[in-house]
Number of protein chains: 2
Amino acid sequence: MLEEDHILILEDFLPYRLSVLSNTVSNAIAESYGREFGLSIASWRVMAVVGRFPNSSAAQLTSKTAMDKVAISRATAKLEQQGYLQRQADNDDKRRFSLSLSQEGQAIYQKIIPIAKHYESRLLQDFAPEEQVLLKSLMQRLESTVVDW
Amino acid sequence: MLEEDHILILEDFLPYRLSVLSNTVSNAIAESYGREFGLSIASWRVMAVVGRFPNSSAAQLTSKTAMDKVAISRATAKLEQQGYLQRQADNDDKRRFSLSLSQEGQAIYQKIIPIAKHYESRLLQDFAPEEQVLLKSLMQRLESTVVDW
DNA sequence: GGAATTTAGTTTCAATTGCAACCATTTTAG
DNA sequence: CTAAAATGGTTGCAATTGAAACTAAATTCC
């Protein structure tokens, strides 16, 4: 047992495997969106959330996208400049902006969602429905384990 | 079914969940290594592989660390400058360097491995042994699905 | 044997990111 | 009511990263 304790087989190390898997998937999706629509991962996360919850504020996006406020600020600025997102000053709280998709943003959003779902299906293509449920439940347990790391 | 097709619930979207999970885990580990030993994720991956396979070349590291050669170059340069890594010119091929840990690097390596394993155990703490096997086999299947994405 | 190609690794420059400081507004507390 | 603290969001600067170009050595192919 001596050997096993002080070596580490990187390709069996779960954090490493998660990282490689996650990066492969994210990069593939990002490549597709980037090429077709000029969207980064950050931008498309923001679009996904604003599309689903119109009139969110930037602060509300931080929790729903797992991005920090600097990243939100930059992503929203770029999306606005690309014409995909509109900001409207909030009169109740003049620090806030209410964010929503423009016409064009909506159109992109409608195209993006099926592509995203397609990637997810591709990822799960070899899993039977029960296995997909199982995988998601294991994910859920991992997520709750690390939630306050 | 109309609604479900054109919205996307980000927090249920597997690529997003993988990304958040992986980043949380990696950042926690990186924080620990960074604080104690001045190691980035890249540096510690390199150390892990060089520790296990002494006298690797940089090119050999690229496949074993899932890092590109620029990242390897920078990580090895920094590790050398920190005194953790030695490069030795290879006489058979003068473009190559044979990489190995210094005394000090070995010492750090021996401290690092248990910490890494500890994080992995913590991640898997709520899983029974059979569940851990199951999780790894599901991971394996996801990995082979995306291997050529 | 020598020109053309490939491979190992580094460097450069631009783009991205992370952190702290910042401004403006709103909320809290005395 | 006002000073202090907290919140929403942006900016500036340094560090990190990515892509392409580069040097040097090795290999291929005629």
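Here the structure is a predicted model, which is why all the values come from computation and not from measurement. The sequence lines fix the lettering, A, B, ..., with proteins before strands; numbering per chain opens at 1.
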Legend entry - Contact pattern, 5' to 3', of nucleotides 18-29 of chain C - B, S or - by protein heavy atom under 4.0 Å: BBB---BBS---
Please set out all donor-acceptor pairs under 3.5 angstrom arising from side-chain atoms of residues 78-85 of chain A, sequence neighbours excluded.
unit_1: A:Glu80; atom_1: OE1; unit_2: A:Arg87; atom_2: NE; d: 2.6
unit_1: A:Gln82; atom_1: NE2; unit_2: A:Gly38; atom_2: O; d: 2.9
unit_1: A:Tyr84; atom_1: OH; unit_2: A:Phe37; atom_2: O; d: 3.3

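- Scanning for ring pair (Phe, Tyr, Trp, His ring centres under 6.0 Å) contacts around B:Tyr109 gives an empty result, with sequence neighbours left out.
- Of the residues in residues 19-54 of chain A, none has a non-hydrogen atom less than 4.0 angstrom from any atom of DNA chain C.
- Residues satisfying the ring pair (Phe, Tyr, Trp, His ring centres under 6.0 Å) criterion with A:Phe13, sequence neighbours excluded, are B:Trp44.
- Looking at residues two or more places apart in sequence or on another chain, you find no side-chain hydrogen bond (donor to acceptor under 3.5 Å, both in side chains) involving A:Gln140.
- Rounded to an integer number of Å, the gap from CG of B:Leu61 to C1' of C:dT10 is 15 Å.
- For A:Glu131, the side-chain hydrogen bond (donor to acceptor under 3.5 Å, both in side chains) partners are B:Arg141, not counting sequence neighbours.
- Listed by chain and residue number, A:Arg35 satisfy the salt bridge (Lys or Arg N to Asp or Glu O under 4.0 Å) test with A:Glu31 (two or more places apart in sequence, or in another chain).
- A donor-acceptor pair under 3.5 Å is formed between the side chain of A:Ser121 and the backbone N or O of A:Lys117.
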Output side-chain donor-acceptor pairs under 3.5 Å for residues 63-70 of chain B, partner residues at least two apart or in another chain, one line each.
unit_1: B:Ser63; atom_1: OG; unit_2: B:Gln60; atom_2: O; d: 3.1
unit_1: B:Thr65; atom_1: OG1; unit_2: B:Leu61; atom_2: O; d: 2.7
unit_1: B:Thr65; atom_1: OG1; unit_2: B:Met67; atom_2: N; d: 3.3
unit_1: B:Asp68; atom_1: OD1; unit_2: B:Val70; atom_2: N; d: 3.1
unit_1: B:Asp68; atom_1: OD1; unit_2: B:Ala71; atom_2: N; d: 2.8

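- Taking B:Asn55 as the reference, B:Ser98 meet the side-chain hydrogen bond (donor to acceptor under 3.5 Å, both in side chains) condition, with sequence neighbours excluded.
- The distance from atom CZ of B:Arg87 to atom P of C:dA8 is 15 Å, rounded to the nearest whole Å.
- Remark: A:Gln132 pairs with no residue by the side-chain hydrogen bond (donor to acceptor under 3.5 Å, both in side chains) rule, at least two apart or across chains.
- On the nucleic acid side, DNA chain D contacts chain B at distances under 4.0 Å to non-hydrogen atoms, with the end points of that region at D:dT17 to D:dA26.
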